[in-house]
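Worksheet: one structure, shown below.
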Amino acid sequence: MAKYLLLKHYRGAPAPVNDVCMDRWTPEEISAHVQYMNDFAARLEKTGEFVDGQGLAPEGAWVRYDGEGRPPVTDGPFAETKDLIAGWTVIDVDSYERAVELAGELSAAPGAGGKPIHEWIEVRPFLAAPPTITE
């Protein structure tokens, strides 16, 4: 088994087919979307493929170390991740092909008008071990 991150984006990926921002959805459309996500997770829990999944709130900040005795620095000249990442699902599956299959299903979550979003889902494998350095 290998773990993969299925990453949902607000922006920064190609536009989904049903490209209406969630802040313009009706409460019923939001409920249908969340229910789809919950049903997806519940189905994968039964197969042992679900590890974790969370939606992210829009609040957040970049933080970095700024030197001994200095307070951490927040924000900076970077793309705001809070504007890019909507949430994630972590899966533990037998193959990359299975991860892609599940990402395709996740992409079909309903959006505006109850129609599938067809959003792009980023599939990223977890490192099984630290990268090796060859000289």
Side-chain angles (χ1 to χ4, degrees):
M1 301 284 276
K3 289 184 181 167
Y4 289 87
L5 174 68
L6 305 181
L7 190 58
K8 295 172 64 68
H9 292 268
Y10 284 120
R11 297 175 196 85
V17 173
N18 187 353
D19 195 16
V20 178
C21 293
M22 187 180 262
D23 62 0
R24 295 184 8 223
W25 295 0
T26 67
E28 294 79 16
E29 291 166 342
I30 293 171
S31 292
H33 182 81
V34 170
Q35 187 63 53
Y36 184 97
M37 304 300 287
N38 289 338
D39 292 347
F40 180 83
R43 185 169 50 83
L44 296 185
E45 283 177 342
K46 289 179 183 173
T47 64
E49 296 173 306
F50 182 80
V51 176
D52 188 25
Q54 296 292 322
L56 296 173
E59 302 84 30
W62 285 86
V63 177
R64 73 173 169 89
Y65 174 75
D66 199 37
E68 188 65 38
R70 301 172 85 175
V73 175
T74 59
D75 280 323
F78 311 107
E80 295 286 350
T81 304
K82 63 189 173 204
D83 292 337
L84 301 175
I85 300 172
W88 76 87
T89 300
V90 177
I91 56 174
D92 194 359
V93 295
D94 289 327
S95 66
Y96 173 76
E97 292 75 20
R98 177 66 175 154
V100 168
E101 176 185 345
L102 293 174
E105 290 181 32
L106 194 57
S107 172
K115 296 178 183 171
I117 299 172
H118 296 276
E119 69 182 325
W120 291 90
I121 304 292
E122 185 176 353
V123 178
R124 303 268 313 264
F126 279 54
L127 285 174
T132 56
I133 299 173
T134 58
E135 295 184 33

Which heavy atom of [X] sits nearest a heavy atom of [Y], and at what distance?
X    : Y   : answer
V123 : A99 : CG1-CB, 4.0 Å
L44  : T47 : O-OG1, 3.1 Å
P110 : A32 : CG-O, 3.7 Å
P116 : N18 : O-CB, 3.4 Å
W88  : L56 : CZ3-CD2, 3.2 Å

What's the verdict on side chain to side chain contact (heavy atoms under 4.5 Å, CB included) for I121 and K8, showing C-alpha distance, side-chain angles and the deciding distance? CA-CA 5 Å; I121 304 292; K8 295 172 64 68; 3.8 Å; yes

In chain order, what residues pass the side-chain contact (heavy atoms from CB on, under 4.5 Å) check against V51, with sequence neighbours excluded?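 For V51 the side-chain contact (heavy atoms from CB on, under 4.5 Å) partners, ignoring immediate neighbours, are K3, V90, D92.
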
Co-membership, hydrophobic cluster, residues Y4 and M37, 4.5 Å side-chain: yes

For E28, side chain to side chain donor-acceptor pair (under 3.5 Å) partners two or more places apart: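 E28: side chain to side chain donor-acceptor pair (under 3.5 Å) contacts with T26.
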
Please identify each residue that fulfils side chain to side chain donor-acceptor pair (under 3.5 Å) with D39, with sequence neighbours left out. Q35

Enumerate the residue pairs fulfilling ring pair (Phe, Tyr, Trp, His ring centres under 6.0 Å) with a member in residues 29-50, sequence neighbours excluded, ordered by first and then second residue.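 Only W25-H33 qualify under ring pair (Phe, Tyr, Trp, His ring centres under 6.0 Å).
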
Has Y96 got more than 12 heavy atoms of other residues, nucleotides or ligands less than 6.0 Å from its OH?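 For Y96, atom OH is not crowded (no more than 12 foreign heavy atoms under 6.0 Å).
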
Going by the rule salt bridge (Lys or Arg N to Asp or Glu O under 4.0 Å), which residues pair with E101 if we only count those two or more places apart in sequence or in a different chain? R98

Who are the salt bridge (Lys or Arg N to Asp or Glu O under 4.0 Å) partners of R43, not counting sequence neighbours?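 For R43, the residues satisfying salt bridge (Lys or Arg N to Asp or Glu O under 4.0 Å) (neighbours in sequence not counted) are E105.
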
